[in-house]
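Single-structure report; data block below.
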Amino acid sequence: MAPPANAQEQPQPQVQLVGGRKVVDEVSGWLRVLDDGSVDRTWTGPPEALPLMEPVAPYAVPRDGHTLHDLPGEPNLRVYLPEAKGETAGARLPVILQLHGGGFCISHPSWLMYHHFYARLACAVPAVVVAVELPLAPERRLPAHIDTGVAALRRLRSIALSAEDGALDDPAAAALLREAADVSRVFLIGDSSGGNLVHLVAARVGQELADTGNNWAPLRVAGGIPIHPGFVRATRSRSELETKAESVFFTLDMLDKFLALALPEGATKDHPFTCPMGPQAPPLESVPLPPMLVSVAENDLIRDTNLEYCNALRAAGKEVEVLINHGMSHSFYLNKYAVDMDPTTGERAQELIDAIRSFISRH
């Protein structure tokens with residue numbers, strides 16, 4: 001059959017190229033998957049968002065009451081050490097192990113958006129904050145991120161036992177960490193997809209303890225703090241359908257595409273990695289978890305499934321506290337400029353820090 005007479009006039013889709021390679025998938029602004037399997041993460045979104053993604057270099061001379069150290073290794077760690085003063089002088093501090101967000105596909109713990117909050121948190125608690133550099137999908141899909149979170153805990157334990165200094169580029173920083181950190185009180189904290197990892201890493205460690213005994217000593221996971229975790233279902237929740245995205249840092253398109261790139265091939269969002277309260281996941285009653293503090297943003301696109309997770313924990317007899325960030329959207333506290341300039345955002349960020357400090361003091 002001959003083509004329609006106007007076939008030649010139809011606009012043809014343009015093939016997008018990056019360095020001569022074809023773009024086969026894209027998450028607008030954030031990443032482009034190329035036909036050779038490589039990924040371009042050059043930021044192409046609004047330029048006003050770029051400063052929040054600028055890396056912050058480490059510093060051994062105190063700034064704002066803390067020092068910042070990088071410990072390259074498997075995995076790479078970034079360590080915030082608050083200055084010892086007053087009641088904390090000479091005392092070992094609890095450890096907050098941070099698992100960054102980014103839909104499992106983007107971001108780095110050195111970014112300003114993380115730095116401004118976790119430097120402040122380290123001094124406020126006070127605690128040693130250890131940020132973990134996680135692998136990125138689609139090059140490395142889940143469960144690689146869970147494996148890395150567990151490896152970070154093992155590395156922290158190794159440093160505490162003085163078993164790693166000879167292999168470190170900066171043994172002095174490791175010594176400072178060892179002297180300051182009380183690894184019997186480690187709290188997992190995670191932003192967005194990192195909140196998923198809080199649950200998943202804690203469950204993995206808890207199961208190892210149940211199966212093999214106390215092979216983690218002296219390290220103990222004392223609590224988990226998922227902040228706006230990326231818990232979803234394959235079907236849209238009411239909040240996903242009715243809530244308007246307020247930021248380029250979290251949209252439904254990002255949510256869908258990042259998870260499609262990060263979950264195991266063929267999995268849906270009902271997978272236990274993204275829906276631990278769903279029928280594909282093990283019953284929560286059987287999952288060994290530490291006490292949890294879950295932060296839920298009132299205006300989050302995925303507020304409803306976050307609350308469903310909290311309710312499922314309660315129904316399973318788990319110890320869980322819930323903090324509602326009233327009037328706030330997803331990961332609001334990472335926007336340094338909003339926290340600094342908008343009084344309400346600043347107040348909500350302080351409420352979050354106060355809740356974390358209180359939770360840690362009680363566990």
Side-chain angles (χ1 to χ4, degrees), residues 14-58 70 72-78 98-118 131-149 151-152 190-197 227-230 232 245-265 267 269 273-274 301 330-331 334-337:
Q14 292 186 342
V15 176
Q16 191 176 1
L17 298 177
V18 176
R21 294 163 294 173
K22 181 180 177 183
V23 176
V24 297
D25 202 357
E26 181 175 15
V27 183
S28 181
W30 291 104
L31 63 77
R32 292 175 287 190
V33 181
L34 308 180
D35 58 359
D36 64 354
S38 61
V39 179
D40 174 30
R41 291 187 174 85
T42 306
W43 173 245
T44 59
E48 59 268 24
L50 190 58
L52 289 170
M53 293 172 268
E54 288 295 319
V56 176
D70 282 343
E74 294 296 332
N76 295 329
L77 303 177
R78 166 159 282 212
Q98 185 230 346
L99 303 163
H100 65 76
F104 307 109
C105 294
I106 57 168
S107 82
H108 192 277
S110 67
W111 284 5
L112 175 65
M113 69 168 68
Y114 298 118
H115 172 81
H116 87 94
F117 182 78
Y118 285 99
V132 184
E133 183 178 347
L134 296 169
L136 299 178
E139 298 95 323
R140 296 181 64 190
R141 289 177 176 260
L142 288 161
H145 309 67
I146 307 168
D147 297 339
T148 300
D191 320 272
S192 193
S193 58
N196 299 46
L197 296 176
I227 306 178
H228 310 167
V232 290
E246 297 181 358
S247 168
V248 297
F249 287 96
F250 193 61
T251 66
L252 287 182
D253 180 64
M254 288 172 61
L255 174 69
D256 293 344
K257 289 191 173 181
F258 279 157
L259 295 186
L261 292 170
L263 286 167
E265 294 278 3
K269 287 185 287 187
F273 294 159
T274 43
L301 295 173
H330 192 82
S331 297
L334 296 181
N335 185 340
K336 173 176 169 50
Y337 306 109

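Because the structure is a prediction, the values reported are computed rather than measured.
Checked for salt-bridge contact, Glu54 and Lys336 miss the test: no charged N lies under 4.0 Å from a carboxylate O.
Counting heavy atoms from C-beta outward, Val27 and Cys105 have side chains that stay 4.5 Å or more apart. Residues Leu334 and Trp111 are not in side-chain contact: their nearest non-hydrogen atoms beyond the backbone lie 4.5 Å or more apart. Residues Val132 and Thr148 are in side-chain contact: their nearest non-hydrogen atoms beyond the backbone lie under 4.5 Å apart. In this structure, the side chains of Phe249 and Met113 come closer than 4.5 Å at one or more pairs of heavy atoms. Residues Glu133 and Pro109 are in side-chain contact: their nearest non-hydrogen atoms beyond the backbone lie under 4.5 Å apart. Between Asp256 and Lys269, the closest side-chain pair of non-hydrogen atoms falls below 4.5 Å. Counting heavy atoms from C-beta outward, Asp70 and Leu77 have side chains that stay 4.5 Å or more apart.
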(request) Please test Asp253 against Thr251 for side chain to side chain donor-acceptor pair (under 3.5 Å), starting from the C-alpha separation and ending with a verdict. (result) CA-CA 5 Å; Asp253 180 64; Thr251 66; 5.0 Å; no
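If you take NE2 on His108 and CG on Leu136, they are separated by 8.5 Å, rounding to the nearest 0.5 Å. In this structure, CZ in Phe273 is found 4.0 Å from CD1 in Ile146, a value given to the nearest 0.5 Å. To the nearest 0.5 Å, atom CH2 of residue Trp30 and atom CD1 of residue Ile106 are 4.0 Å apart. If you take CG on Leu255 and OG on Ser193, they are separated by 10.0 Å, rounding to the nearest 0.5 Å. A distance of 10.5 Å separates CE in Met254 from CG in Leu259, rounded to the nearest 0.5 Å. Considering CG of Asn196 and CG of Asp191, their distance stands at 11.5 Å, rounded to 0.5 Å.
Between the Arg41 side chain and the Ser107 main chain, no donor and acceptor come within less than 3.5 Å of each other. Between the side chain of His145 and the backbone N or O of Phe104 there is at least one donor-acceptor pair closer than 3.5 Å. A side-chain donor-acceptor contact under 3.5 Å links Asn76 to the backbone of Gly73. Under the 3.5 Å distance criterion, the side-chain polar atoms of Arg141 are matched with a main-chain donor or acceptor of Leu263.
Side chains of Ser192 and His330: a donor-acceptor N/O pair is present below 3.5 angstrom, by distance only. No hydrogens or angles considered: a donor-acceptor pair under 3.5 Å links the side chains of Asp40 and Thr42.
The two residues Ala245 and Leu301 come nearest to each other via the heavy atoms N-CD2, 3.9 Å. Heavy-atom minimum distance, Ala137 versus Ala262: CB-CA, 3.6 Å. Pairing each heavy atom of Leu112 with each of Pro51, the nearest pair is CD2-O, 3.6 Å. Taking each heavy atom of Trp43 and Ala49 in turn, the nearest pair found is CZ2-CB, 3.8 Å. The shortest non-hydrogen separation linking Leu142 to Pro264 is O-CG, 3.9 Å. Shortest non-hydrogen contact noted between Pro46 and Val248 is CG-CG1, 3.8 Å.
Under the 30°/60° scheme for interplanar angles, the aromatic rings of Tyr114 and His100 are found to be tilted.
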